[in-house]
Enquirer: 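One structure, pasted below without further comment.
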Amino acid sequence: MIGAGDDVADITSSWLSWLAHERQLASRTRRAYSSDWHQFIEFLNGHLAAPVALTDLASLESRDFRAWLAHLNRRDLKRSSIARAVASVRGFFAYIDRHYDVHNPSLRAMRTPGFKRALPRPLAFEEVLSIQQGMTERPVTDHWTGQRDLAVLMLLYGSGLRIGEAIELNRSDWRDEDYSGRNLRITGKGRKERIVPLLPQVSRSIDGYVADCPMILAPNGPLFVGVRGRRLQSGHIQKKVRNLRRALGLPETATPHALRHSFATHLLADGADLRAIQELLGHASLSTTQVYTQVDGTRLVQLYSTSHPRA
């Protein structure tokens, strides 16, 4: 680990393992925390002009943390990125406080920079349809890979899954049964489980992929695989949607995650209960789901402005 003493490097490995197995954070979140912490140590290495030891972390003063925040601001990072970096550093210090009895009271004086979270940017229903139609109409080398990509996108919009949740499904999660009443048990953030219902169209799409896939899908192996039989990577789906939106002239906001936003927003617009949407999305807090009421409100204002004869 660049810039760290042996004790800090060892504890960092222990912390990352704890985040994975005890906190059960998603791999993407762990990578972000790890990157933030490593960059903090690299800064301290230059700031202190020496490898960073555990005793150095305990003796850091408020001015040291302020110098680090100033360093982040000079890099022109987004406020959300700085806030996440602060959360990562706080998380590590909380870990060594609890497990190694290493305290640093100066950390309490460091304030997390405030920032306004961007509203979700869902797609119109017609834009979602154009993506699905474009996925089926555009030629692909292997028919089964097109079936696979369409099935993943159908899960994102039809059931509100995160892309990571879709590609983490195993073959054993998909039971062969009638289309009606099919459900999926999803393990989301924080290893929280939820049950999501499936539309018949989504079920048929997944069944079509499973039937056409030339690979043997082992029960304990991935449901969605690449051409080499390994678990499908999210980057493939992101690239597929990126190419489609350019070909179809869709906005830059047309991403796989926008399909999840669209799922929630379209349900809310059609009168779905906010609590039900919270359960379907797997949000731990209702306040996270309530952001979609602001999105729908924005669309109502736009509709009013364009439709009212006195607008």
Enquirer: If you round to the nearest 0.5 Å, how far is CG of Asn45 from CD1 of Ile2?
Expert: 9.0 Å
Enquirer: Between Phe65 and Leu60, does the side-chain contact (heavy atoms from CB on, under 4.5 Å) criterion hold? Intermediate values first, please.
Expert: CA-CA 7 Å; Phe65 290 113; Leu60 290 175; 4.0 Å; yes
Enquirer: Quick one, Leu223 with Val210, criterion side-chain contact (heavy atoms from CB on, under 4.5 Å). Give me CA distance, side-chain angles, the key distance, then yes/no.
Expert: CA-CA 8 Å; Leu223 173 62; Val210 171; 4.0 Å; yes
Enquirer: Return yes when atom NZ of Lys239 has more than 12 non-hydrogen atoms of other residues, nucleotides or ligands closer than 6.0 Å, and no otherwise.
Expert: no
Enquirer: Is there a donor-acceptor pair closer than 3.5 Å between any side-chain N or O of Arg260 and the backbone N or O of Gly160?
Expert: yes
Enquirer: Which ring-ring contact (aromatic ring centres under 6.0 Å, His included) pairs, counting each pair once, include a residue from residues 236-256, with sequence neighbours left out?
Expert: none
Enquirer: Would Trp174 and Leu184 count as a side-chain contact (heavy atoms from CB on, under 4.5 Å) here? Give the steps.
Expert: CA-CA 7 Å; Trp174 184 248; Leu184 270 180; 4.0 Å; yes
Enquirer: For Tyr100 versus Ser14, what's the shortest heavy-atom pair and its separation?
Expert: OH-OG, 3.7 Å
Enquirer: Short question: side chain of Asp7, backbone of Leu54 - any donor-acceptor pair under 3.5 Å?
Expert: yes
Enquirer: Report yes if the side chains of Leu217 and Val225 come closer than 4.5 Å at any heavy-atom pair, otherwise no.
Expert: yes
Enquirer: Please report the closest heavy-atom contact between Pro197 and Leu280, naming both atoms and the distance.
Expert: CD-CD2, 3.5 Å
Enquirer: Please check if the side chain of His38 supplies one atom and the backbone of Ser34 the other of a donor-acceptor pair under 3.5 Å.
Expert: yes
Enquirer: Once rounded to the nearest 0.5 Å, what's the spacing between atom CG of Leu155 and atom CD1 of Ile186?
Expert: 7.5 Å
Enquirer: Would you compute the distance between atom CG of Leu199 and atom CE of Met154 and round it to the nearest 0.5 angstrom?
Expert: 7.5 Å
Enquirer: Can you tell me how far the OG atom of Ser17 sits from the CZ atom of Arg23, to the nearest 0.5 Å?
Expert: 13.5 Å
Enquirer: Assess whether salt bridge (charged side-chain N to carboxylate O under 4.0 Å, His left out) is satisfied between Arg194 and Glu279, documenting all intermediate values.
Expert: CA-CA 7 Å; Arg194 69 185 190 277; Glu279 290 297 321; over 6 Å; no
Enquirer: Report yes if the side chains of Leu250 and Ile131 come closer than 4.5 Å at any heavy-atom pair, otherwise no.
Expert: yes
Enquirer: Is it the case that atom CG in Asp6 sees more than 12 heavy atoms from other parts of the structure closer than 6.0 Å?
Expert: no
Enquirer: Do Val128 and Phe263 come close enough that some side-chain heavy atom pair is under 4.5 Å?
Expert: no
Enquirer: Evaluate whether atom CZ of Arg231 has more than 12 neighbouring non-hydrogen atoms of other residues, nucleotides or ligands under 6.0 angstrom away.
Expert: yes
Enquirer: Determine whether Leu69 and Ile82 make a side-chain contact, defined as any pair of heavy atoms from C-beta on separated by less than 4.5 Å.
Expert: yes
Enquirer: Is there side-chain contact between Phe92 and Thr12, with heavy atoms separated by less than 4.5 Å?
Expert: yes
Enquirer: Can you tell me how far apart CG (Asp270) and OG1 (Thr265) are? Round to the nearest 0.5 Å.
Expert: 11.0 Å
Enquirer: Do the ring centers of Trp37 and Phe40 come within less than 6.0 Å of each other?
Expert: yes
Enquirer: Parallel, tilted or perpendicular, judged at 30° and 60°: which one describes the rings of His257 and His261?
Expert: perpendicular
Enquirer: May I ask you to test the Glu168-Thr187 pair for a side-chain heavy-atom distance under 4.5 Å?
Expert: no
Enquirer: Out of curiosity, Leu153 CG to Arg148 CZ, how far, rounded to the nearest 0.5 Å?
Expert: 10.5 Å
Enquirer: I want to check something: taking the side chain as every heavy atom from C-beta on, are Ile11 and Tyr95 in contact at a cut-off of under 4.5 Å?
Expert: yes
Enquirer: State, to 0.1 Å, how close Leu44 and Leu57 come at their nearest heavy-atom pair, and which atoms those are.
Expert: CD1-CD2, 3.8 Å
Enquirer: Could you tell me if His103 and Asp101 have a donor-acceptor pair between their side chains, going purely by distance under 3.5 Å?
Expert: yes
Enquirer: Can any side-chain N or O of Asp64 pair as donor or acceptor with the backbone N or O of Glu61 at less than 3.5 Å?
Expert: yes
Enquirer: Please say whether more than 12 non-hydrogen atoms of neighbouring residues, nucleotides or ligands are located less than 6.0 Å from CD1 in Ile216.
Expert: no
Enquirer: Enumerate the residue pairs fulfilling ring-ring contact (aromatic ring centres under 6.0 Å, His included) with a member in residues 182-229, sequence neighbours excluded, ordered by first and then second residue.
Expert: Tyr209-Phe224
Enquirer: Just by distance, do the side chain of Arg121 and the backbone of Thr253 share a donor-acceptor pair under 3.5 Å?
Expert: no
Enquirer: Take Leu161 and Leu259 through the test side-chain contact (heavy atoms from CB on, under 4.5 Å) and record every step on the way to the result.
Expert: CA-CA 9 Å; Leu161 269 62; Leu259 294 175; over 6 Å; no
Enquirer: Please examine the side chains of Arg246 and Asn243, heavy atoms only from C-beta on, and report whether any two atoms are closer than 4.5 Å.
Expert: yes
Enquirer: Is a donor on one side and an acceptor on the other found under 3.5 Å between the side chain of Arg275 and the backbone of Gln278?
Expert: no
Enquirer: Say whether, by atom type as modelled, one donor and one acceptor occur between the side chain of Asp149 and the main chain of Gly146 under 3.5 angstrom.
Expert: no
Enquirer: Ignoring hydrogens and angles, tell me if any N or O in the side chain of Ser262 forms a donor-acceptor pair with the backbone of Ala258 under 3.5 Å.
Expert: yes
Enquirer: Regarding Ser205 and Gln201, is there a side-chain donor-to-acceptor distance under 3.5 Å anywhere?
Expert: no
Enquirer: Enumerate the side chain to side chain donor-acceptor pair (under 3.5 Å) contacts for residues 154-164, please, sequence neighbours excluded, ordered by first and then second residue.
Expert: Tyr157-His266, Arg162-Glu165
